[in-house]
Q: 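Would you mind keeping the following structure in view while I ask a few things?
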Amino acid sequence: MIKVCKFGGSSLASSSQFEKVKNIILSDKRRKAVVVSAPGKRFKEDNKVTDLLYLLCAHLKYGVDYSSIFNIIKDRFIKIKEELNIDYDLEKEFDELEKGFSKNSKEEFIVSRGEFLTAKLLAAFIGYKFVDASLIMKFNYDGSLNNEESFKLIKKALDENDKIVIPGFYGAYPSGDIKLFPRGGSDVTGAIVSSALGAEVYENWTDVSGILVADPKIIDNPKRISEITYDELRELSYMGASVLHEETIFPVQELSIPINILNTNNPTDKGTIITKDCKDKNTIITGIAGKKDFTSFNITKSRGSSKANLIRLVLDIFSKYDVNIEHIPTGIDSFSLVVPGSEVERCYYDLIGELKKIDDITKLDVEKEIALVAVVGRNMALKPGTSGKIFAILGSNNINIKMIAQGANEINIIVGVKNSDFEKTVKVIYDNMF
Ligand code: ASP
């Protein structure tokens, strides 16, 4: 059986982190396929190599002297190499990279070098074979992944080399040009590799011992989630919990490959297991997450007009301006569209202008600064009582609920409150439900 391990940027930020990663990988023979991010922050004020590479590209694009930023990046890699005595000609790689620099340098190629060089260094350090992601992670020209081709190539790479290190975050178009995943995309590379190899588990190594029940910026020392389903995790990530890249779940979900979030700095901690079904049938709430700054367009229709038709007309307008609709709470004569505030800023007056042209709308109010808080838990489905408890907690804490929603699968309860009540809402739910 094979374990696929992905190490995030903080796990590879320095030579001492490289040592920890080596110990983890070599302590289990099943850890045969390793995916890496580029070095992240070593301390709070430090920079991520990927951010520095983007900055380097901006210097090149505008013809500004890039040498100091280039040297910072180069020095970070050289330091790791020298401190660990790794036998690999990094200087040559940097010389060649620099030779290709021009105003027209391809940003995606330069940025991908963070992961590329990290994988090269780690492979040399642990004695695994380096496999370039551009040769096995194949994209179509429309930007979608060519799953069939990529799976075949990933399997072949492991068959031929037995133990491999793959750079995360990028692949290539059929032309060979580099294509990046969105930021944080090494998680997705790890998931695709896990799926291609039918891994027993996808280990995602980071700097925390698993997913927390709530945001530690709001709750002091929140509990850790020991197990969570794919669906619950997607609900939490969508509502703002920053755990894994959102697209990570799909590739492993199909084959029911569990994801284990683990801590490179405390490798014996159990972390969080993400699976299709969880054994624990008692914990009612798995996690709480939320986001601020939604805007609600509250629409009242004229008597006798068709609500369904009016909703359709209104939705067409929002769709024309490419604004995502989060929720549509409705009443007899009115309904609201709750949308992310950031998405309406650019087209606010156009939207209002078009809505005002619809005869069947008798009143239009816009309410800004609404926060949505999601309480997620698979075990609350089909059991009475949880929403009652949550509403009672908010009521007794004098928090006004502006909107209520629950998905049909009953694994989430979402409440809309004022932005200014957001932190308090998360806090009182956490304090009373955990
Ligand atoms: N290094 C990239 C980033 O910072 C990709 C990743 O770490 O997953 O977004």
Side-chain angles (χ1 to χ4, degrees), residues 4-14 17-18 20-21 24 33-58 69-70 72-74 76-77 80 93 97 106-123 130-134 136-137 139 143 145 150 154 164-172 178-195 202-208 211 233 237 240-252 259-265 274:
V4 171
C5 316
K6 179 258 168 177
F7 290 91
S10 56
S11 300
L12 293 155
S14 64
Q17 292 301 88
F18 263 64
K20 290 181 195 168
V21 167
I24 291 168
V34 178
V35 173
V36 297
S37 285
K41 293 185 181 194
R42 293 159 292 184
F43 43 88
K44 207 164 163 250
E45 300 73 28
D46 200 12
N47 294 301
K48 290 182 173 187
V49 163
T50 305
D51 291 333
L52 296 173
L53 286 163
Y54 274 112
L55 198 57
L56 170 68
C57 293
I69 185 96
F70 182 63
I72 295 175
I73 299 167
K74 189 168 159 185
R76 279 203 65 177
F77 281 101
I80 295 172
E93 291 280 2
L97 182 63
K106 291 195 171 123
E107 181 177 79
E108 301 207 59
F109 173 77
I110 294 180
V111 172
S112 73
R113 296 306 88 183
E115 271 68 15
F116 175 88
L117 293 171
T118 310
K120 282 266 185 183
L121 274 182
L122 186 71
F130 167 83
V131 177
D132 192 348
S134 64
I136 56 171
M137 207 55 75
F139 286 94
L145 190 79
S150 305
I154 295 166
I164 54 178
V165 178
I166 304 165
F169 190 38
Y170 73 94
I178 296 290
K179 153 116 181 85
L180 294 178
F181 284 101
R183 291 300 302 266
S186 301
D187 281 342
V188 186
T189 309
I192 293 164
V193 172
S194 301
S195 180
Y202 170 23
E203 293 183 340
N204 192 291
W205 292 87
T206 173
D207 54 4
V208 286
I211 304 169
L233 185 73
S237 322
S242 56
V243 195
L244 289 172
H245 189 281
E246 258 178 52
E247 301 292 315
T248 308
I249 304 294
F250 296 121
V252 289
I259 307 174
N260 195 358
I261 312 268
L262 291 158
N263 188 348
T264 301
N265 305 318
I274 306 155

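When a residue number appears, it is its place in the shown sequence, counting from 1. Counting convention: from 1, in listed order, for ligands and their atoms alike. Worth knowing before you read on, the calculation uses all heavy atoms, side chains too, and leaves out hydrogens, waters and symmetry mates.
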Q: What residues sit with at least one heavy atom under 4.0 Å from ligand 1?
A: S37, T50, E115, F169, R183, G184, G185, S186
Q: Does the Lys NZ or Arg CZ of R113 fall within the cation-pi geometry relative to Y170 - under 6.0 Å from the ring centre and within 45° of the axis?
A: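 Yes, cation above the ring, under 6.0 Å and within 45°.
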Q: For N265, enumerate each residue passing the side-chain hydrogen bond (donor to acceptor under 3.5 Å, both in side chains) test, keeping only those at least two apart in sequence or located in another chain.
A: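 N265 satisfies side-chain hydrogen bond (donor to acceptor under 3.5 Å, both in side chains) with Q17, K20 once adjacent residues are dropped.
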Q: Would you say the side chain of F181 lies within less than 4.5 Å of the side chain of F139, judging by non-hydrogen atoms?
A: yes
Q: Quick one, P167 and F130 - any side-chain contact, counting heavy atoms below 4.5 Å?
A: yes
Q: With a 4.5 Å heavy-atom cut-off, do V193 and I166 have their side chains touching?
A: yes
Q: Test R76 against D46 for salt bridge (charged side-chain N to carboxylate O under 4.0 Å, His left out), laying out the working first.
A: CA-CA 11 Å; R76 279 203 65 177; D46 200 12; 3.5 Å; yes
